There are 2 protein chains.
Amino acid sequence: MGVPAKEEGADPRVRMWEPVGRAVALLLGPYAEVVLHDPGTDRVLAVWNPFTSRGPGDPSALGELAALDPAARDVYGPYEKVLADGRRLSSVSAVLRDAHGEPAAVLCVNLDRTPLERAAAVLSAFGAPTVRRPEPLFEQDLSARVAEVVGGHVRATGRPAERMTRPDRLTVVARLDEAGVFAVRRVVPVVAEALRVSRSTVYDLLADVRATSERS
Amino acid sequence: MGVPAKEEGADPRVRMWEPVGRAVALLLGPYAEVVLHDPGTDRVLAVWNPFTSRGPGDPSALGELAALDPAARDVYGPYEKVLADGRRLSSVSAVLRDAHGEPAAVLCVNLDRTPLERAAAVLSAFGAPTVRRPEPLFEQDLSARVAEVVGGHVRATGRPAERMTRPDRLTVVARLDEAGVFAVRRVVPVVAEALRVSRSTVYDLLADVRATSERS
DNA sequence: GTCCGGATCGGACGAAACGTCCAGTCGACG
DNA sequence: CGTCGACTGGACGTTTCGTCCGATCCGGAC
């Protein structure tokens, strides 16, 4: 594929769908982020109301969308994502096709549900009897969760862990990092084994993921 | 707003407390009923914004108040009641005393939580994924979660962290342990600070908790 | 008052895990 | 054949963990 567009508006796809992205971002107020991805280069084409400091040209870390369940034609979700700061997002993605029916871009809408959930908690707590709900439990078995993420990506790409490419592993590690998995003790060897790489490589991948995500 | 009490200004207690009842009924809008009971005859003295067709002179069905926790002096609740039509109420009651300290009346405020719960359901359903991902771990939430558990126990016992007894702390630590909090890195100092004890004591409490739980 | 025992503290310390670094291997590619 | 990027295995210094122990505090028994 070609060189990703750096300037907003330079890419004809951005010009074509810019009103859509802007309109959705306007409609959903400050709590929705709209991202236009290039599925070929796996990079961001444009962002409206960005949650993080991502901008055009940055990696998408969403490359596996094209290989997702083909039963749901071109529209995926809503599914849940978790940012590093704990915000929970509801996300939907749509594959946008050109006149020849070829995938030209992927539109992602991420809705921050945190304020809604906070408001819901306020409402249901209002005047509530003193009975306190038990705490939601943490995921007890970390390795199961890690295996789930890795297995999901394997299923999405059809590549077993041994034959994964580096972008594959970066995607998986990025997801695990978003989920806060690396805050847990003793988890790096578990991830290393699940990805069939060495402990060193996990740290290397993690450094890469965090470097590209913190770019501003 | 609301239906005014049937005019029976003959009773001095009604004249004395009427502004209170009317004010609370006004403040809480159409979703709160305020009832003034006569504990001696167990009858209704006055009602503001009645949910049912009860009026002055009707029986109170107040008998169960005496069976409530006598430790809480003169104020009971909030406790939950369910109306015949299924509406769930949060209720509080207050014993009102005369100049001689004798119980003269009982004031009951019933708040209909149904609309609040419905609104909360709407909010939390907004943009929610159909399938929820298992709750992941995030380090950011951790201190908040710890503070929540500790704060919950403080509210439940009325004892601030500084004045907790050892069983209090054991309970809190046991709950945190069940939640898997101690699998997260760097969390022990956080817990120690939340409990206002030293790091050593947290390990001591934790050992105690795990020893007694394994003895079963 | 003194004594005593439990709870806690603060610091020390070895063990474990963390995260970095680097020389070396492997395979892809020109 | 040489280069380059990815990965490895291990070494190594640092941070965190979890334990241990003497000191201190404090409430209750005597």
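Predicted, not measured: the structure shown is a model, and the values here were computed from it. Note that these values count all heavy atoms, side chains included, but never hydrogens, waters or copies made by symmetry. We name chains A, B, ... by the order of the sequence lines, and we start the count at 1 in each one.
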For A/Y203 and C/dG19, is the shortest distance between a side-chain N/O and OP1 or OP2 below 4.0 Å? yes
Using the closest heavy atom to pick a nucleotide of DNA chain D for each, name whichever of A/R166 or B/A207 lands nearer the 5' end. A/R166
Taking A/D168 for the side chain and A/T165 for the main chain, is one N or O donor matched with an acceptor at less than 3.5 Å? yes
Sorted by position of nearest nucleotide on DNA chain C, 5' first, the leading residue of B/M164 and A/L206 is B/M164
Side chain of B/S198: nearest nucleotide among D/dG18, D/dT8, C/dG10? C/dG10
Calculate the interatomic distance between B/L205 atom CG and C/dA7 atom C1'; express it in whole Å. 10 Å
Starting at CG of B/D177 and ending at P of D/dG18, how long is that distance when rounded to a whole Å? 11 Å
Nearest to the B/R199 side chain among D/dG9, D/dC7, D/dT19, which nucleotide is it? D/dT19
Given atom CD of A/E162 and atom P of C/dG27, what is their separation to the nearest angstrom? 16 Å
Without swapping roles, check the side chain of A/N49 against the backbone of A/A32 for a donor-acceptor pair under 3.5 Å. yes
Against the side chain of B/R185, the closest entry in C/dA17, C/dG10, C/dG19 is C/dG19
In whole Å, what is the span from the CD atom of B/E193 to the P atom of C/dG10? 13 Å
Does A/R169 place a side-chain N or O at less than 4.0 Å from the phosphate oxygens OP1/OP2 of D/dA6? no
To the nearest angstrom, the CG-P distance between A/L170 and D/dA6 comes to 9 Å
Taken to the nearest whole Å, CZ/A/F182 to P/C/dA17 is 17 Å
Heavy-atom side-chain contact between A/V202 and A/R169 under 4.5 Å: no
Between A/R13 and A/L96, is there a side-chain heavy-atom distance shorter than 4.5 Å? no
Nearest-Å distance for atom pair CZ/P, residues B/R186 and C/dC18: 11 Å
Of C/dG19, D/dT8, C/dC9, the nucleotide closest to the side chain of A/S200 is D/dT8
Whole-Å distance between C/dA28 P and A/R163 CZ? 10 Å
For the side chain to side chain contact (heavy atoms under 4.5 Å, CB included) test, which of A/L206, A/D208, A/T201 pairs with A/V173? A/L206
